[in-house]
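Below: the structure, in structure tokens.
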Amino acid sequence: MPKLTVDGRQVEVPAGTRLIEACKAAGVVVPHFCYHPGLSVAGNCRMCMVEIEMGGRSRVAASCVEPAVDGMTVRTASPEVQDTRQGVMEFLLLNHPIDCPYCDCAGECKLQDYYMDWGAVDTGSRRETEPVHKPKRQEIGPHVMLDSERCVLCTRCVRFTQEVTGTHELGVEERGSHSTLHLAEGKRLDNAYSGNVVDLCPVGALTDRTFRFQRRVWFLQKADSICPGCSRGCNTEIHFDLKRDYKNESSGRRAIRLKPRFNEQVNQWWLCDEGRYGFEAIDQGRLERPLVLRQGVVSATDVEDALSEAARLLDDMARRHPEQLAVLFSPDMSSEALLAARSLFLDQLKFPRADFALSQAPAALDDGFLHTDDPHPNRKGCEQLKLKRGAFADGGLLDEIRQGHVKGLVCFRWDLPALLGAEARELLGKLKLLIVLGTHQQDWHGLANLQVPVAMYAEQSGTFVNVQGKAQRFHAAFPPLGEAMGEVELLVELGQRMGRKAAQTTMEALRRRLESELPNMAGLETPRAPEHRVSKEAAPR
Amino acid sequence: MAEFICFPALQSKTRASLDHYLEDGGYRSLKQALDGIAPADLTALVKASGLRGRGGAGFPTGMKWSFLPKQQELPVYLVCNADEGEPGTFKDRDILRYAPHQLIEGMLLACHAIGARVGYIYIRGEFQEEAACVERALAEARGAGLLGKDILGKGFNADLHVHMGAGAYVCGEETALLNSLEGRRGLPRTKPPFPAVVGLYGCPTIINNVETLAAIPPIVANGPEWYVGLGTPKSPGTKLFSVSGHVKRPGVYECRMGTPLMDLINGDCGGMREGRQLKVVIPGGSSVPMLTAQEAATLSLDYESCMEHGTMLGSGAVIVLDDTVSIPHLVQNLGHFYAHESCGQCTPCREGTQWMHRILDRLVGGRGKASDLDLLLDICKHVSFRTICALGDAATGPVKSGVTKFRSEFEALVR
């Protein structure tokens with residue numbers, strides 16, 4: 001294990017470690033544009049140059065290229081190094097448009113940050129009056145916009161399409177100062193992971209078309225979350241803004257964008273486009289208020305009334321025909337919600353049918369990278385809690401309704417016609433009691449006696465167990481929309497109204513029980529509370 | 001005076017065929033080596049000769065060979081760098097034209113020493129005629145059992161292939177050359193790893209210049225001591241010099257290392273054009289610092305004298321310019337060349353060469369500012385030795401030396 005000294009600090013790193021990583025291990029972050037730990041080393045930006053003293057000889061070298069060698073003395077901010085970096089910054093800014101006021105990257109741009117640290121010199125008189133122009137506003141794919149004038153040619157995006165996706169859409173054309181990032185002949189940046197190049201871009205050359213001109217990044221709050229799009233459970237950050245609305249098209253939107261959050265075991269630095277751009281569902285088409293069906297008319301009500309009505313209806317049916325009751329759980333619910341639901345419906349109300357279902361939709365794509373063929377974030381969570389698919393597998397529920405065995409159904413989150421097929425609509429109409437707990441409005445909801453709005457994953461805290469069996473906690477980014485509530489809260493309230501002494505009355509108690517029953521639930525990382533913070537800390541850029 | 005000791009075919013310019021080469025004692029070194037010089041001993045012999053890379057960097061050849069990993073499962077490749085593109089350099093072209101078999105023999109000897117069974121000759125794209133000469137020679141050698149399987153009946157297998165470049169100067173940089181050879185963009189690679197460890201197709205690779213490889217047969221034939229005796233203690237042997245510019249007889253000359261520069265210029269080259277005075281010599285190709293006539297007067301053609309004079313022997317491209325030459329125009333011309341040829345991957349070279357070119361253009365065009373001179377020198381400082389390959393540094397050679405040594409000519413442009 002090589003031992004070296006970085007700015008006077010001793011550090012020991014595994015053999016073969018890159019010097020830039022050794023510096024990081026010593027607590028010194030060396031500025032860089034082209035280096036990224038998830039990509040091959042290009043060594044082209046020359047920003048990470050450091051002074052290396054070894055055997056009495058001193059030289060300046062790129063710390064992303066040099067391996068850490070035993071006995072090295074490294075200086076990351078010597079006068080020579082400062083001069084080098086100042087030169088690099090001046091070169092990069094020479095033809096840069098410096099259009100920060102309307103650049104989406106402003107606030108999370110390495111050019112901006114490093115200018116303050118390394119480039120702030122009186123270069124005004126040296127700047128060329130007429131910079132070299134290159135193409136701007138190029139829609140290179142469904143999600144990504146390219147501004148070649150802002151590009152520093154670090155080739156991170158190029159390497160991403162070569163090494164991570166293997167799709168080779170991007171390359172550098174021409175030579176020397178004519179070098180320009182280009183799409184390959186006949187291609188568009190249209191792969192399932194294209195949005196990652198925006199995260200990779202250290203400057204504002206590649207920007208997100210959905211984020212374009214929406215918000216200044218420094219007004220965004222950030223909350224740790226888990227993507228609910230498939231069973232991978234990619235770690236994400238929800239970037240949101242509850243205060244500002246500059247443009248009509250973002251009217252009412254709280255979630256502004258999703259960013260991947262580094263997790264070595266799960267998604268490393270990456271996130272698929274389906275997960276990244278799926279955030280609009282958080283704010284659109286939501287079931288915001290409880291709706292009750294009385295004398296054939298659906299009308300809005302408040303949560304108090306809805307819960308009392310639910311308790312009354314369930315009590316009534318449980319007293320007279322308990323054998324006709326069924327509850328359908330969803331693998332989109334958190335483990336805490338599943339446990340609370342299991343306690344109430346199975347342990348206390350003794351529903352004869354209390355199972356979960358899995359989507360019958362055409363299997364999603366297992367792309368061999370992050371996206372799995374299971375569209376649910378918590379199937380493993382259902383299985384760990386010993387929930388079954390019994391009653392609902394293979395259209396079993398419809399048969400039971402048809403035969404009159406099931407007359408009362410509580411449904412969590414499911415779009416039942418989508419799950420059970422078109423004839424479900426007719427059969428559901430025959431139920432005596434249908435209570436729906438859902439996040440979004442659905443056209444068959446009019447059949448339900450009661451529709452109760454439920455919080456989305458971004459609005460409540462919980463735990464998903466991913467395809468690898470890894471339990472991951474997520475945090476509420478912001479309060480639920482309208483009168484929606486988290487399932488745990490709803491179930492506790494409902495239980496109380498039904499006069500049941502719920503064994504678990506708080507989220508903390510549910511978590512303690514999960515921890516004691518399931519080994520993978522112990523010692524979970526507590527996600528950080530929503531806050532203003534620099535994204536770079538979360539995902540090394 | 002020029003002597004053509006190691007490269008006699010360059011003097012006659014008529015003895016390129018296999019028959020001529022055999023008549024002149026060709027392929028005897030190869031036979032000798034295959035008969036009884038073990039690969040390690042051959043490397044030691046080259047090391048002992050003190051032969052240094054003739055492409056420009058002057059790195060000791062035997063030492064380069066010894067950097068190959070000792071335990072090796074991957075094939076080893078030999079690559080001949082015939083991408084002769086340094087402005088002012090045209091010595092390799094003469095070898096390809098007039099002594100192709102000497103190169104082939106040198107490459108086969110190198111293959112034997114380093115354990116390579118395949119070698120590539122990467123020839124500059126513009127060298128169509130030279131490539132044809134080499135192809136012809138390869139065919140002759142193959143037909144005579146000197147190339148391919150069981151060479152000279154000694155059980156030694158090695159084959160050589162020609163690959164044409166596409167005209168980029170930077171592909172003369174050895175790792176850009178490897179990328180180009182693999183079919184990629186000609187961008188220099190980051191080092192480490194060096195090609196001797198991870199080179200062509202990820203395999204250990206030795207890359208040598210044409211002149212370097214072609215010097216090996218005479219070294220093997222005559223012994224390393226003979227070669228050492230031809231030069232100075234630190235610069236053994238002879239070297240080819242491509243003399244261009246305002247001399248009466250420009251051309252390629254072979255000189256013993258340590259020959260005084262003025263002997264070459266005034267002797268073989270016939271001196272300056274009638275009635276003209278020597279103004280500047282660029283002794284090692286366009287990228288090395290230029291020397292004033294006064295400095296050039298004491299220069300001898302070897303590595304150490306060049307270093308003492310603050311310049312480099314480089315590829316041995318001696319550019320001789322007389323008093324009709326405007327230094328700002330010269331520097332502008334070279335500035336354009338390097339800005340045009342920068343591969344563009346490293347920030348300092350991509351932006352710095354382009355910036356220097358713009359400044360030089362406006363200086364020569366009479367639109368410059370007095371502050372531009374120091375700005376040029378400052379840009380040089382920020383480009384030199386701060387890039388992956390040496391192109392950036394090369395681009396600063398003429399600018400730094402031109403602006404420093406002929407500052408008054410630049411100042412005259414901004415008055």
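Residue numbers start from 1 in every chain, and the chains themselves are labelled A, B, ... in the order their sequence lines are given, proteins ahead of strands.
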Arg185(B), part contacting chain A, at a heavy-atom distance under 4.5 Å: side chain

Measuring heavy-atom distances to chain B, does Glu80(A) have an atom under 4.5 Å in its side chain, in its backbone, in both, or in neither? both

Is His357(B) close to chain A through its backbone or its side chain, or both, or neither, when contacts mean heavy atoms under 4.5 Å? neither

Just checking Lys136(A): does its NZ atom have more than 12 heavy atoms from other residues, nucleotides or ligands closer to it than 6.0 angstrom? yes

Given that the side chain runs from C-beta out, which part of Phe385(B) has a heavy atom under 4.5 Å from chain A: side chain, backbone, both or neither? backbone

Quick one: what part of Ile388(B) sits under 4.5 Å from any heavy atom of chain A, side chain, backbone, both or neither? both

Can you tell if the side chain of Val170(B) reaches within under 4.5 Å of the side chain of Arg175(A), non-hydrogen atoms only? no

Per-residue contact mode, Ala62(A) against chain B (heavy atom under 4.5 angstrom): neither

Contact leader toward chain B among Leu153(A), Thr84(A), Val41(A), where contacts are heavy-atom pairs under 4.5 Å: Thr84(A)

Closest heavy-atom pair and its distance - Pro192(B), Glu66(A): CD-OE2, 4.3 Å

Minimal heavy-atom distance between Trp355(B) and Glu90(A), with the atoms involved, is CH2-OE2, 3.3 Å

More than 12 heavy atoms from other groups under 6.0 Å of CD on Glu185(A): no

Write down the atom of Arg46(A), the atom of Pro348(B), and the distance for their closest heavy-atom approach. CG-CD, 3.4 Å

Do side-chain atoms of Thr347(B) reach the backbone of Cys45(A) as a donor and acceptor pair under 3.5 angstrom? yes

Bottom line for Val172(A): the part with an atom under 4.5 Å from chain B's heavy atoms is both

Are Arg386(B) and Phe91(A) side-chain neighbours, meaning at least one heavy-atom pair lies under 4.5 Å? no

Is it the backbone or the side chain of Leu187(B) that comes under 4.5 Å from a heavy atom of chain A, or both, or neither? neither

Which atoms of Lys381(B) approach chain A - backbone, side chain, both or neither, heavy atom under 4.5 Å: side chain

Tell me, yes or no, whether the heavy-atom count around Met54(A) atom CE, taken from other residues, nucleotides or ligands under 6.0 Å, exceeds 12. yes

Using non-hydrogen atoms and a 4.5 Å limit, figure out which bit of Ser179(A) sits close to chain B: side chain, backbone, both or neither. side chain

Flag the pair Leu92(A) / Arg350(B) as yes when at least one side-chain heavy-atom distance between them is below 4.5 Å, and no otherwise. yes

Any donor and acceptor pair, going by atom type alone, linking the side chain of His382(B) with main-chain N or O of Val88(A) inside 3.5 Å? no

Under 4.5 Å heavy-atom distance to chain A, tell me which part of Asp372(B) shows up: side chain, backbone, both or neither. neither

Most chain A-contacting option - heavy-atom pairs closer than 4.5 Å, from Val383(B), Thr190(B), Ile379(B): Thr190(B)

Chain B contact via Leu94(A) - side chain, backbone, both or neither, heavy atoms under 4.5 Å: side chain

For Arg188(A), I'd like to know if atom CZ has over 12 heavy atoms of other residues, nucleotides or ligands within 6.0 Å. yes

His96(A), NE2 atom: more than 12 neighbouring heavy atoms under 6.0 Å: yes

